Chemist: 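Before we start, here is the structure in question, set down as structure tokens.
Since the structure is predicted, the reported quantities are computational estimates derived from the model, not experimental observations. We name chains A, B, ... by the order of the sequence lines, and we start the count at 1 in each one.
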Protein chains: 2
Amino acid sequence: MTTLPPDAELLRLDHQVCFSLHAASRAFGGVYRDALKDLGLTYPQYLVMLVLWEHGAQPVKAIGERLRLDSGTLSPLLKRLETAGLVHRERSTEDERSVTVHLTPAGDELREAALPVPRRILAATGLTVEELRTLRGLLGRVTGALDAS
Amino acid sequence: MTTLPPDAELLRLDHQVCFSLHAASRAFGGVYRDALKDLGLTYPQYLVMLVLWEHGAQPVKAIGERLRLDSGTLSPLLKRLETAGLVHRERSTEDERSVTVHLTPAGDELREAALPVPRRILAATGLTVEELRTLRGLLGRVTGALDAS
DNA sequence: GAGATTTAAGTTGTGCGCAACTTGATTGCG
DNA sequence: CGCAATCAAGTTGCGCACAACTTAAATCTC
């Protein structure tokens with residue numbers, strides 16, 4: 001569609017994209033930090049709670065697959081959520097390797113307090129719905145391609 | 001342009017974008033980890049080296065502004081780069097609060113070894129140049145808006 | 001059925017990211 | 001001038017991310 005850029009510019013573009021991604025991810029982190037402070041959650045903890053609110057109790061493995069996180073990250077994170085009284089872990093009886101993560105009543109209740117969060121973030125992005133869809137689409141494709149390579 | 005989606009979908013879209021961003025950022029991290037292993041650099045260390053290769057010796061403060069990182073992150077990172085012999089730090093004589101970061105000859109030479117890295121990453125993304133531009137644009141706008149809020 | 005392989009979760013160690021703080025230098029203001 | 005406010009860099013502490021490893025259970029294979 002356009003003239004292909006010279007090599008140098010192309011390579012520059014690449015690291016600009018990576019850098020933008022890195023910066024944007026941390027900028028989101030900052031806004032979430034504020035929005036979640038009252039709930040006492042970090043952003044990754046909030047992601048885990050979203051999974052549990054939406055899909056119910058499930059094994060650590062399943063949470064990890066949904067969030068692209070391994071047990072080295074999830075185990076201590078879940079331990080903190082358990083200490084905070086939001087979650088409890090129970091070793092499965094059928095397969096004793098597996099541990100199922102359940103919401104406690106407090107964890108379930110927190111859902112309501114978390115409802116206004118997404119709107120705050122949405123407003124802070126300054127993007128239109130169209131743009132958000134485009135962004136989500138591109139990011140999804142990149143992640144898929146990168147993971148495959 | 002399109003029918004506005006109902007509230008629930010809109011809020012869903014928001015956390016999907018945040019999640020995609022988080023996931024994409026980590027996926028890039030993984031690919032860079034492989035590409036930079038031979039150079040003995042992590043991705044954030046590589047970003048610092050890019051700044052020095054491109055703009056020459058400069059104070060910690062300036063590096064932090066370019067990369068959106070504070071001294072709590074940069075100080076130990078620079079110490080590691082110094083231990084690796086790629087960089088050395090010198091306290092400014094005019095303003096003794098400031099520390100200027102210089103490339104060592106080894107740090108300068110590493111530039112050549114790093115040249116093939118961007119192309120590898122570029123290929124791994126699976127996106128066209130158009131799409132990369134769009135992505136960079138959207139991410140830049142989001143970061144700006146989020147930082148301002 | 002016994003032994004090798006695979007699997008789920010957890011542990012350890014390293015580095016990044018950031019808040020909160022310390023230290024020492026500079027600037028600004030009365 | 002003198003002292004407060006500001007500023008640059010560094011330190012500490014905590015949580016996330018991930019590689020490499022351990023442990024214990026399930027599965028596969030002969």
Chemist: From the list C/dG17, D/dT11, C/dG15, which nucleotide is the closest neighbour of the side chain of B/Q45?
Modeler: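 Closest nucleotide to the B/Q45 side chain: C/dG15.
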
Chemist: On the 0 to 90° scale, with breaks at 30° and 60°, tag the A/H102-A/H88 ring pair as parallel, tilted or perpendicular.
Modeler: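 The rings of A/H102 and A/H88 lie parallel, inter-plane angle below 30°.
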
Chemist: Figure out the CG/P separation between A/D95 and C/dT6, and round it to whole Å.
Modeler: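 So the two atoms are 17 Å apart, to the nearest Å.
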
Chemist: Indicate whether OP1 or OP2 belonging to C/dG17 is found under 4.0 Å from a side-chain N or O atom of B/T73.
Modeler: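 So the side-chain polar atoms of B/T73 never come under 4.0 Å of the phosphate oxygens OP1 or OP2 of C/dG17.
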
Chemist: Quickly work out the B/Y43 OH to D/dC18 P distance and round it to whole Å.
Modeler: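 B/Y43 atom OH is separated from D/dC18 atom P by 14 Å.
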
Chemist: Can you find a pair of side-chain heavy atoms, one from B/Y46 and one from B/V117, that are under 4.5 Å apart?
Modeler: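 Yes, side chains in contact.
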
Chemist: Just call it for A/S75: base, sugar-phosphate, or nothing, with non-hydrogen atoms closer than 4.0 Å on any strand.
Modeler: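 Base contact - A/S75 has a heavy atom under 4.0 Å of at least one base atom.
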
Chemist: Between B/S98 and A/P76, just flag the one whose closest nucleotide in DNA chain D comes earlier from the 5' side.
Modeler: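 So the residue in question is B/S98.
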
Chemist: In whole Å, what is the span from the CD atom of B/E82 to the C1' atom of D/dG10?
Modeler: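 After rounding, the reported distance stands at 13 Å.
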
Chemist: If only side-chain N and O atoms of B/S71 are considered, is one of them under 4.0 Å from the OP1 or OP2 phosphate oxygen of D/dA9?
Modeler: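 For B/S71, the contact criterion (side-chain N or O under 4.0 Å from OP1 or OP2 of D/dA9) is not met.
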
Chemist: Give a yes/no on whether any side-chain N or O of A/R91 is located under 4.0 angstrom from OP1 or OP2 of C/dA9.
Modeler: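 So the side chain of A/R91 is outside the cut-off, no N or O lying under 4.0 Å from OP1 or OP2 of C/dA9.
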
Chemist: Could you check B/E96 against A/V99 and say which one's nearest nucleotide on DNA chain C is further toward the 5' end?
Modeler: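 Its nearest nucleotide being more 5', the pick is A/V99.
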
Chemist: Between B/R89 (side chain only) and B/E82 (backbone N and O only), is there a donor and an acceptor less than 3.5 Å apart?
Modeler: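 Between the backbone of B/E82 and the side chain of B/R89 there is no qualifying donor-acceptor contact (under 3.5 Å).
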
Chemist: Starting from P on C/dT27, measure out to CD on B/E94 and report it in whole angstrom.
Modeler: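 To the nearest whole Å, that distance equals 11 Å.
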
Chemist: Salt bridge or not for A/R68 and A/D147, using N-O below 4.0 Å?
Modeler: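 So A/R68 pairs with A/D147 through a salt bridge.
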
Chemist: Nearest whole Å is fine: how far is D/dC14 P from A/R33 CZ?
Modeler: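 Distance, rounded to whole Å: 16 Å.
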
Chemist: Reckon B/K79 has a side-chain N or O less than 4.0 Å from the OP1 or OP2 of D/dT11?
Modeler: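 Result: yes.
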
Chemist: From the options C/dT7, D/dG10, C/dG15, select the nucleotide whose nearest atom is closest to the side chain of B/T42.
Modeler: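 The answer is C/dG15.
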
Chemist: Using a cut-off of less than 4.0 Å, is there contact between a side-chain N or O of A/R68 and OP1 or OP2 of D/dC18?
Modeler: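 Result: yes.
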
Chemist: With side chains defined as the heavy atoms from C-beta onward, is the minimum distance between A/L78 and A/V99 less than 4.5 Å?
Modeler: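 Heavy-atom side-chain distance check fails, nothing below 4.5 Å.
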
Chemist: B/R89 CZ to D/dA8 P: how many Å, rounded?
Modeler: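 Going from B/R89 (CZ) to D/dA8 (P), I get 17 Å.
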
Chemist: Under 4.0 Å, counting only non-hydrogen atoms across every strand here, what does B/L69 touch: a base, just sugar-phosphate, or nothing?
Modeler: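 Sugar-phosphate, no base atom in range.
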
Chemist: Whole angstroms only, please: what is the CG-P distance between A/L77 and C/dT11?
Modeler: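 In whole Å, C/dT11 P and A/L77 CG are 14 Å from each other.
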
Chemist: Rounding to an integer number of Å, can you tell me how far A/Q58 CD sits from C/dA8 P?
Modeler: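 To the nearest whole Å, that distance equals 14 Å.
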
